[in-house]
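Numbers here are sequence positions counted from 1.
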Amino acid sequence: MEHISLDGVIQHSRDGDDFPYSDWTAAYRTPAGRDAILAAYGESFDLLLGRRTYDIWSAFWPKAPRSPMADALNAATKYVATHRPESLEWGPFEELGTDIVEGVRRIKSHGGPDLILSGSSTLTSALLEHALVDEVLLIVYPVLLGTGKRFFAEGTPPRSFELAGTKAMPSGVILSTYKLAGPLRTG
């Protein structure tokens, strides 16, 4: 699940660089959009997070007022890609271990709730490369940012997807769900 501009930017904060558009999605947040995202998460889910996303979310969601979104995110097990597992506090949580791909394979082999990745182009590329992505939900905002971290990093393996569903919000945001269809089809 990724919040993304029309030109593929997913970055929402400075992350130590000169990104000028922190919180660019704020103008488009609506109760209807929140409800659509919560519905996309489903009844029960766990989260797969890179360390930056974990740090940003853990500074907000545990202190957020109770709501269906806050309650769901706080209850989810957070699987975190990190070199500093001793500093994790927002739980329930588990570190992925040193081999992220094997960690995700292990989690998926146990069954359980859907595992939702949010906010990491690095993890997305690795999971696509190793065929560990079943579905992609893009929450596309009607903006061009021109600069910033992109969802699909250079070198992401080519793949084909099939549109599984789309929903347009009155704000102009479009939620599109794609199922992995296999290798890239050409010609």
Enter the distance from Leu88:CG to Lys78:NZ here, rounded to the nearest 0.5 Å. 11.0 Å
Might you work through the side chain to side chain contact (heavy atoms under 4.5 Å, CB included) test for Tyr21 and Ser5, ending with a clear yes or no? CA-CA 11 Å; Tyr21 307 115; Ser5 68; over 6 Å; no
Can you give me the closest heavy-atom contact between Ser176 and Leu163, atom names plus distance? CB-CD1, 4.2 Å
Between Pro20 and Thr147, what is the shortest heavy-atom contact and its length? CD-CG2, 4.0 Å
Atom OH in Tyr54, atom OG in Ser87: separation rounded to 0.5 Å? 7.5 Å
What closest approach, in Å, do Arg106 and Ser109 show between heavy atoms, and which atom pair accounts for it? O-OG, 2.7 Å
Which value, rounded to the nearest 0.5 Å, describes the distance between Ile107 atom CD1 and Arg105 atom CZ? 12.5 Å
Ignoring hydrogens and geometry, is there a side-chain-to-backbone donor-acceptor pair from Trp24 to Gln11 under 3.5 Å? yes
For the OG1 atom of Thr82 and the CD atom of Glu95, what is their distance to the nearest 0.5 Å? 7.5 Å
Are there over 12 heavy-atom neighbours, none belonging to Glu86, within less than 6.0 Å of that residue's CD? yes
Are the side chains of Ser58 and Phe93 in touch, meaning some heavy atoms are under 4.5 Å apart? no
If we ignore hydrogens and angles and just use 3.5 Å, is the side chain of Asp46 paired with the main-chain N or O of Pro113 as donor and acceptor? no
Report, one line per pair, each donor and acceptor closer than 3.5 Å where one atom sits in a side chain of residues 127-144; sequence neighbours left out.
{"unit_1": "Asp134", "atom_1": "OD2", "unit_2": "Lys108", "atom_2": "NZ", "d": "2.9"}
{"unit_1": "Glu135", "atom_1": "OE1", "unit_2": "Lys179", "atom_2": "NZ", "d": "2.6"}
{"unit_1": "Tyr141", "atom_1": "OH", "unit_2": "His3", "atom_2": "ND1", "d": "2.7"}

Using atom types as modelled and distance alone, determine if a side-chain donor or acceptor of Ser160 lies under 3.5 Å from a backbone N or O of Arg185. yes
Considering only distance and modelled atom types, tabulate donor-acceptor pairs under 3.5 Å from the side chains of residues 29-37, sequence neighbours left out.
{"unit_1": "Arg29", "atom_1": "NH2", "unit_2": "Asp23", "atom_2": "OD1", "d": "2.6"}
{"unit_1": "Arg29", "atom_1": "NH2", "unit_2": "Thr25", "atom_2": "OG1", "d": "3.1"}
{"unit_1": "Thr30", "atom_1": "OG1", "unit_2": "Gly33", "atom_2": "N", "d": "2.9"}

Begin with the C-alpha distance, continue with both residues' side-chain angles, and end with the deciding distance and a verdict on side chain to side chain contact (heavy atoms under 4.5 Å, CB included) for Arg150 and Asp7. CA-CA 8 Å; Arg150 308 287 174 174; Asp7 56 343; 3.7 Å; yes
For Arg51 and Arg84, indicate whether the former's side chain and the latter's backbone hold a donor-acceptor pair under 3.5 Å. yes
Does Trp61 offer a backbone N or O that forms a donor-acceptor pair with the side chain of Asn74 under 3.5 Å? yes
Main chain of Leu175, side chain of Thr166: is a donor-acceptor contact present, judged purely on distance under 3.5 Å? yes
Mind checking ring pair (Phe, Tyr, Trp, His ring centres under 6.0 Å) for Tyr178 and listing every partner two or more places apart, or none if nothing turns up? none
Nearest atoms (heavy-atom pairs only) where Pro68 meets Leu38: CB-CD2, 3.3 Å
Is there a donor-acceptor pair closer than 3.5 Å between any side-chain N or O of Lys149 and the backbone N or O of Ile10? no
Heavy-atom pair with the smallest gap, counting every atom of Tyr41 and Leu47: CE2-CD2, 4.4 Å
Leu73/Phe45 under side chain to side chain contact (heavy atoms under 4.5 Å, CB included): CA gap, chis, key distance, verdict: CA-CA 9 Å; Leu73 292 174; Phe45 62 89; 4.0 Å; yes
